[in-house]
2 protein chains.
Amino acid sequence: MAGIKDVAAAAGVSVATVSRALNGHRSVSPDTRERVLEAVGRLGYRPNAVARSLRTDRTRTLGLVIGDVMNPYFTELARFVEEEARARGYSVIIGNADERPELQDHHIRTLLDRRIDGLLVSPADGRSPFAPGTRPPTPPVVLVDRWVPGLDVTVIRAEGASAVRDLVRHLRALGRRRIAVITGPPATTTARERVAAFREAIAAQGLHLPEAYVGEGDFRADSGRRVTEAFLDLPEPPEVVFATDNLMALGALDAIRSRGLRVPEDIGVAAFDDIPWFQHTDPPLTAVAQPVAELARAAVGALTDLIEGRAARSVTLSARLVVRRSCGERPAGPTPTNGPRRSA
Amino acid sequence: MAGIKDVAAAAGVSVATVSRALNGHRSVSPDTRERVLEAVGRLGYRPNAVARSLRTDRTRTLGLVIGDVMNPYFTELARFVEEEARARGYSVIIGNADERPELQDHHIRTLLDRRIDGLLVSPADGRSPFAPGTRPPTPPVVLVDRWVPGLDVTVIRAEGASAVRDLVRHLRALGRRRIAVITGPPATTTARERVAAFREAIAAQGLHLPEAYVGEGDFRADSGRRVTEAFLDLPEPPEVVFATDNLMALGALDAIRSRGLRVPEDIGVAAFDDIPWFQHTDPPLTAVAQPVAELARAAVGALTDLIEGRAARSVTLSARLVVRRSCGERPAGPTPTNGPRRSA
DNA sequence: ACCGCAGATGAAATCGATTACATGCGGGTC
DNA sequence: GACCCGCATGTAATCGATTTCATCTGCGGT
C-alpha cells in the first residue's frame with residue numbers, strides 16, 4: 001500500500017510538503033500542491049488514519065453505546081447519531097450492550113482503548129458506566145435518553161411526564177379507568193421516571209392504581225407478554241395496558257390476542273416510544289413519541305462541543321402523545337390535547 | 001493518560017519487558033511479570049490500540065457495510081455479526097449505506113482508511129463496491145446476502161428459490177391463483193433472484209403471471225404501499241401480494257387496510273425475510289425466513305479465515321418457509337412442506 | 001577452567017503520519 | 001547595499017506501542 005513517502009518521491013518533494021498540501025496548509029505553492037495531488041491520484045494514495053491518529057491524538061470517531069440494537073428506538077437513535085456525526089466529520093462506532101452491564105463495560109473499555117474522541121452512552125443500568133479501573137474517562141462523555149443519578153455529565157433526554165399525563169387524560173376521556181402499567185428494569189432511570197410520571201398522572205385524574213396493576217418487565221417483548229398475562233388473570237383485569245417500552249407493548253399485544261381478546265374493544269394498549277412499526281400494527285398503536293432525530297442531533301452537538309473545547313449544557317426535549325386507535329375510538333369533536341406539538 | 005513508559009518506570013523494567021509481559025511472551029520471569037502486572041493495575045494502564053495497530057498492522061476490527069440499518073433484517077444481521085466477531089476477538093464497525101451507493105462508497109473508503117482487517121459487505125447496488133481509485137482492496141472481503149455478479153470474492157448467502165416454491169405451492173393449496181409480487185431495485189442481486197425464483201415457481205404450478213402483477217419497489221415501506229395500491233386498482237386485483245422484502249410487506253399491509261380490506265380474507269400477504277415483528281402483526285405474516293444467525297456466523301468465519309491466512313469458500317445456506325396466517329387458514333391435516341427445516 | 005547455550009532483559013529501530021524548527025531565497029525598506 | 005521578513009520547503013523529532021538484535025548471567029558438560 002502506497003504511503004506518504006511514495007507520494008513524496010513521486011512528486012519530488014518531502015513528506016512534510018505532501019502532508020501540508022493534503023491538509024490544506026497555506027504556504028504550499030499552487031504549483032507544488034498540484035504536483036502532489038497528481039501523485040496522490042496516480043498512486044491512489046489514502047492517508048493511514050491509524051498513523052494520523054497516533055500523531056494527532058484525535059481519531060475523529062465517536063463511540064455510541066446503546067441498550068439494545070434490536071430495539072427500534074435505539075436503532076433509529078443510532079442511525080441519526082451517525083448521520084449527524086458524519087455531517088460534522090466524525091465516524092461512529094456502535095456498541096450494543098444487549099441490556100447487559102458487563103457487555104456495556106466491555107464496549108466502553110474497547111472504545112476507550114481505541115481512543116475515540118468522545119462517548120455517547122445510554123446506560124444499561126444505574127451504575128456508573130465507568131467501571132473502577134477506568135480512571136477519569138479521558139474523552140468527553142454525553143448521556144442520551146437514560147442517565148445515571150449521581151453522575152455529573154451532560155445529559156440529552158426527553159421528558160415524557162407531560163405526554164404521559166396527556167395519555168391518561170386521553171384514556172379517561174375514552175371512558176377507561178382501570179389502567180395497568182408494565183415497567184422496565186428499575187435500575188434504569190427511564191423506567192423509574194416513566195412509572196413515576198404514570199402514577200402522578202393517574203392520581204391527577206383521580207384514578208386509583210392497585211399494586212397488582214404494576215408489573216415489572218425488562219424492555220423485551222417476552223416480559224411484556226408475561227406481565228400482561230398476569231394482568232389478564234386478575235379477577236378484575238385492566239381496561240388498558242400501558243407498556244413503558246415498545247418491545248414490551250408488542251408482547252402485550254401478543255398475550256392479548258392469544259387469549260382471543262380484541263384491541264381496543266376488549267382491552268386497550270398504549271406504549272412509550274413510538275416507532276415506525278406502530279403505524280403498521282393492527283390496530284395502529286397509540287404511543288408517546290420521543291423526538292429521536294432531535295435527541296441524536298443535540299447529543300452529537302453537545303459531544304462535539306465538548307470535544308472541541310466548547311461548553312455543553314444538558315438538554316431536555318419533550319415527548320408528545322401520538323393518538324392512534326389501540327385504546328378505542330376517539331370521541332367525536334376536536335380533542336385539544338393531542339395535536340402534533342413541537343418539542344422544546 | 002498512563003503509557004507503557006510509565007508502567008515500565010513504575011515496575012523498574014524496560015518498555016520491552018512490559019510489552020512482553022502483557023502479550024504473554026515466554027521468557028519473562030514470573031517475578032517480573034508479577035511486578036509489571038501490579039504496576040499496570042496500580043496505574044490503570046490500558047494499551048493504546050492506535051499505537052499498537054500502527055506497529056502490528058492489524059486493528060482486530062472488521063467493517064460491516066449494510067444496505068439499511070433500519071431494516072430489521074440487517075439490524076439482526078449486524079447484531080449477530082458483532083456477536084460472532086467479538087467471540088473471535090474482533091470488533092465491528094458498522095457502515096449504514098441507507099441504500100445509497102455513494103454513501104456505501106463513503107463508508108468503505110473510511111473503513112479502509114482505518115485499516116480494518118477485513119470487510120463484510122452487502123452491496124447496495126450491482127456495481128463493484130470498490131470504486132475506481134480504491135486499488136486492490138487490500139483487506140480480505142466477504143459479501144453477505146447480496147453479491148456482485150462479476151466479482152470474484154467469497155459470498156455467504158441463502159438461496160430462497162426452494163422456499164419460494166414452497167410458498168407458491170402453499171398459496172395454491174389454499175386456493176389462491178392470482179399472485180402479485182413487489183420486487184426490489186433490479187440493481188441488487190437479491191431482488192433479481194427473488195423475482196426469478198417467483199416466476200419459476202409460478203410457472204411450475206401452472207399459474208400465470210401478468211406483467212401488471214409485477215411491481216417494482218425499493219426495499220422501503222412506502223414503495224410497498226404505492227405498488228400495492230396500483231395492484232388494488234387493477235380491474236382484477238391479485239388474491240395475494242408477495243413482497244420480496246419485509247419493509248415493503250408492511251407497506252402492502254397498510255395499503256390494504258386503508259382500503260378497508262381484510263387480511264387474509266380479502267387478500268393475502270406474504271414476505272421475503274422473516275423478522276420477529278411478523279409474529280406480532282395482525283395477522284401474523286407468512287414469510288420466507290433466512291437463517292440470519294448462521295449467515296452471520298458463516299460470514300465472520302470466512303472473513304477471519306481469510307484474514308488469518310486460511311482459505312474460505314462461498315457458502316449458500318437455505319431459507320425456509322414459515323407459514324402463519326396472512327394468506328389464509330391452513331387446510332386441515334398435516335402440510336408436509338412447511339415444517340421447520342434445517343438449513344444446509 | 002572453559003565453552004556454549006538458554007533464559008531474561010534492555011537499547012534502539014520501526015510503523016506512517018504531523019509538526020516544530022531550520023534553511024534558503026526573493027523582495028521591500030531605509 | 002544591508003537588513004529583515006515571510007514564503008516555500010526540508011530535516012528530524014514525535015506519538016506509543018512491538019520486535020529485532022545485542023547483552024548479560026548462570027549453569028551444565030567436558
Side-chain angles (χ1 to χ4, degrees), chain A residues 1-37 39-40 43-61 89 109-110 112-117 135 138-139, chain B residues 1-37 39-40 43-61 89 109-110 112-117 135 138-139:
Chain A
M1 167 127 333
I4 197 174
K5 284 202 207 117
D6 306 293
V7 177
V13 297
S14 73
V15 295
T17 303
V18 175
S19 176
R20 281 188 280 251
L22 258 33
N23 294 305
H25 259 265
R26 57 191 155 284
S27 100
V28 173
S29 76
D31 175 51
T32 316
R33 181 181 312 261
E34 178 77 15
R35 286 217 316 288
V36 169
L37 261 30
V40 165
L43 300 178
Y45 167 76
R46 301 243 76 211
N48 182 328
V50 175
R52 185 206 296 264
S53 294
L54 176 60
R55 182 62 233 258
T56 59
D57 202 32
R58 308 209 49 210
T59 50
R60 297 210 70 85
T61 302
R109 221 176 308 120
T110 309
L112 294 180
D113 286 354
R114 294 178 170 249
R115 301 301 192 264
I116 48 160
D117 293 339
R135 296 279 177 279
T138 322
Chain B
M1 168 131 329
I4 198 174
K5 283 202 207 117
D6 306 294
V7 176
V13 297
S14 74
V15 294
T17 302
V18 174
S19 174
R20 281 188 279 250
L22 257 33
N23 294 307
H25 260 266
R26 58 190 154 286
S27 101
V28 172
S29 77
D31 175 51
T32 318
R33 182 181 312 261
E34 176 77 16
R35 287 216 315 289
V36 169
L37 261 30
V40 165
L43 300 179
Y45 167 74
R46 302 241 77 212
N48 182 328
V50 174
R52 187 206 295 264
S53 293
L54 176 60
R55 182 63 233 257
T56 60
D57 202 32
R58 307 208 50 210
T59 50
R60 296 210 71 85
T61 301
R109 221 176 308 121
T110 310
L112 294 179
D113 286 353
R114 288 171 177 262
R115 300 303 193 262
I116 48 161
D117 293 339
R135 296 277 178 279
T138 321

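The chains referred to below are lettered A, B, ... by the order of the sequence lines, with proteins before strands, and numbering in each begins at 1.
Side chain of Thr59(B) to main chain of Ser53(B): no donor-acceptor pair is present (N/O by atom type, distance under 3.5 Å, no hydrogens or angles).
Between Asp113(A) and Arg109(A), no side-chain nitrogen of the basic residue sits less than 4.0 Å from a carboxylate oxygen of the acidic one, so the salt-bridge criterion is not met.
You'll find that the side chain of Tyr45(A) is closest to dA17(C), out of dT9(C), dG10(D), dA17(C). Closest approach to the Val15(A) side chain among dT18(C), dG16(C), dA17(D) is made by dT18(C) (side chain taken as heavy atoms from C-beta onward). Taking every side-chain heavy atom of Thr32(B) into account, dA8(C) is the closest of dA12(C), dA8(C), dC15(C).
Between the CZ atom of Arg55(B) and the P atom of dC15(D) there is a distance of 17 Å, given to the nearest Å. Here dA13(C) presents its P atom at 21 Å from CG of Asp57(B), a figure rounded to the nearest Å. Arg26(A) has its CZ atom 11 Å from the P atom of dA8(D), to the nearest Å. Distance, Lys5(A) NZ to dC15(C) P: 6 Å, rounded to whole Å. For the pair Arg58(B) CZ and dT19(D) P, the computed distance is 11 Å after rounding to whole Å. As a whole-Å value, the separation of Leu54(B) CG from dT14(C) C1' is 9 Å. Separating the CZ atom of Arg60(A) from the P atom of dA17(C) is a distance of 18 Å, rounded to the nearest angstrom. We find that NE2 of His25(A) is positioned 8 Å from C1' of dT18(C), with the value rounded to whole Å.
Side-chain N/O atoms of Ser53(B) include none lying less than 4.0 angstrom from OP1 or OP2 on dC15(C). Close to dT18(D), at under 4.0 Å from its OP1 or OP2, lies a side-chain N or O of Asn23(B). Checking the phosphate oxygens (OP1, OP2) of dT19(D), no side-chain nitrogen or oxygen of Ser19(B) falls inside 4.0 Å. Side-chain N/O atoms of Arg52(B) include one lying less than 4.0 angstrom from OP1 or OP2 on dT18(D). Not one side-chain nitrogen or oxygen of Thr17(A) sits closer than 4.0 Å to the OP1 or OP2 atom of dT9(D). At the phosphate of dT9(D), OP1 or OP2 sits under 4.0 Å from a side-chain N or O atom of Ser29(A).
Across all strands, Val13(B) comes closer than 4.0 Å only to sugar-phosphate atoms, never to a base (heavy-atom distances). Val28(B) comes within contact range of the sugar-phosphate backbone alone, with a heavy-atom separation under 4.0 Å but no base atom that close. Counting non-hydrogen atoms under 4.0 angstrom, Arg20(B) reaches a base of the nucleic acid. Using a 4.0 Å heavy-atom cutoff across all strands shown, Ser27(B) reaches at least one base atom of the nucleic acid.
A donor-acceptor pair shorter than 3.5 Å can be found between the side chains of Arg114(B) and Thr61(A).
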**Request:** For Asp6(A) and Tyr45(A), run side-chain contact (heavy atoms from CB on, under 4.5 Å): C-alpha distance rounded to whole Å, both residues' side-chain angles, the deciding distance at 0.1 Å, then the answer.
**Result:** CA-CA 9 Å; Asp6(A) 306 293; Tyr45(A) 167 76; over 6 Å; no
**Item:** side-chain contact (heavy atoms from CB on, under 4.5 Å) evaluation trace for Val15(B) with Val7(B)
**Value:** CA-CA 8 Å; Val15(B) 294; Val7(B) 176; over 6 Å; no
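Summary of the strand contacts: Asp31(B) and Arg115(B) both lie near DNA chain C, and taking for each the nucleotide with the nearest heavy atom, the more 5' one is attributed to Asp31(B). Annotation: of the two residues near DNA chain D, Arg35(A) and Thr56(B), the 5′-most nearest-nucleotide partner is Arg35(A).
Around atom CG of Asn23(B), more than 12 heavy atoms belonging to other residues, nucleotides or ligands sit under 6.0 Å away.
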